[in-house]
Protein chains: 4
Amino acid sequence: MTIGEIQFRVRYSECDPMGVVHHATYPIWLEMGRTELLRATGTTYREMEVAGHFLVVAKLELRYRRPARYDDVLTLRTHVLEVGAVKILHEYEIRRGTEIILVATSTLGCVDREGRACPMPATLRDAIATTEGMAPGA
Amino acid sequence: MTIGEIQFRVRYSECDPMGVVHHATYPIWLEMGRTELLRATGTTYREMEVAGHFLVVAKLELRYRRPARYDDVLTLRTHVLEVGAVKILHEYEIRRGTEIILVATSTLGCVDREGRACPMPATLRDAIATTEGMAPGA
Amino acid sequence: MTIGEIQFRVRYSECDPMGVVHHATYPIWLEMGRTELLRATGTTYREMEVAGHFLVVAKLELRYRRPARYDDVLTLRTHVLEVGAVKILHEYEIRRGTEIILVATSTLGCVDREGRACPMPATLRDAIATTEGMAPGA
Amino acid sequence: MTIGEIQFRVRYSECDPMGVVHHATYPIWLEMGRTELLRATGTTYREMEVAGHFLVVAKLELRYRRPARYDDVLTLRTHVLEVGAVKILHEYEIRRGTEIILVATSTLGCVDREGRACPMPATLRDAIATTEGMAPGA
């Protein structure tokens, strides 16, 4: 399962005095996309944390194409580009109908309870690799 | 030390499409007021948590008097009304100059790492009681 | 239509270092409950704003019963208690299954573009009154 | 005035269940950095908006180096790299003492009330260019 889509409605509190979604809101939505994509692989991020594996954002690149507004229904497509030994690369696209609102990429690392880099759980790597025939990278 | 004041500037992201501070922003500021008031007693909330004491909000009442806007400089006055065995009552007032923006009260409880009610740390109760001659309540 | 329910999942960013939902998150959810309840009457808050009517929170009382956690699915029940000439009273309950997480009440006022108190739009008052046979109050 | 520094303390609500600052908090701080840098040029973003000029984020790149924690005092250095006819490039660095927490860059565009691209106000371009002898670019 390397691609997933979620739909959600823009909250009033997510918008700013320009009447549009504040740019700091988008990373929160991208995280929701990752949460739901992980659930679709048969595990959950909550279970990963209980098992002592934490995903931390190392890099985030956001390109804001068009403003979104309060009460808009948006679609977020989350795509796992590559899953390595200790890193995952995601690509994102947020649309309102056919209009592209935002595109983004992120790099996440896996850390243990003490915040030290650690290997991705095998179940996660396998689930991602198997479902779509994607070869786990380095 | 039962009364303290802090000043802060309204962030753009804290305002909504009406061009005013979103009402969910205020509890965040009240928490800052408690953090600084605690620091003034000679301890910090970070140290309390390390020692295994956590303060959780049980009740919050907010009365919004006037809108605040982006870039306003606001003053928050935080007042400990009563410190009991397991609870603290605070009263708050946010002003812009002499104009009252918000008044509020809160009840916080003390819990341990497992979330069970536990007695306030003695150092906290003493610091509050001593500084202002305020008798710790029940 | 004076009662409505929505379900939503707790976001990671809505939780704090105690591992529970931060108390300032709840007012955001209550606002979502009002948005959806209004939509169920046949109008939307977005349309109200376009028509020059804005609802502002005058008073908010929150009682936190139990902590909620990341990835919990919560149910919010929003209830219009009374709709007056210029004010609306709401009552809220957030549950996780049968467990009560939070109860709250709010008072909202209607204002125009300049922020002056103004009468509730008749369509809103009628929709609320008619659907449930509730007499609009003062 | 092309470089400025601000200091601020991490709020409890800005941290997540890992006990560190949530990654979506950083863009909010970068915006504070821009607000204060603009103030140092002799104008304010609030005045720019009143005059009908709005700055919107077109691109944002964040590299998270180390976690920050509740109650940390952080220093944000904001640097205008280039000011063009319709765009501004900024570079940022957030430190805790000498430790680098985050580095970032952003591209902002200037738009009018209707959201159409428009030239940067001359006063803004001049203030930036004059203060540091920086030649406004294209």
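Lettering follows sequence order; numbering is per chain, from 1.
- The heavy-atom pair separating A:Tyr64 from D:Leu60 by the smallest distance is OH-CD2, 3.7 Å.
- Note that CD of D:Glu61 and CZ of A:Arg63 are 5.0 Å apart. Values are rounded to the nearest 0.5 Å.
- Residue D:Met18 comes nearest to A:Val56 through the heavy atom pair SD-CG1, 3.7 Å, listed as atom of the first residue, atom of the second, then distance.
- If you tally non-hydrogen atom pairs under 4.5 Å between each of A:Pro67, A:Gly19, A:Pro27 and chain D, the highest count goes to A:Pro27.
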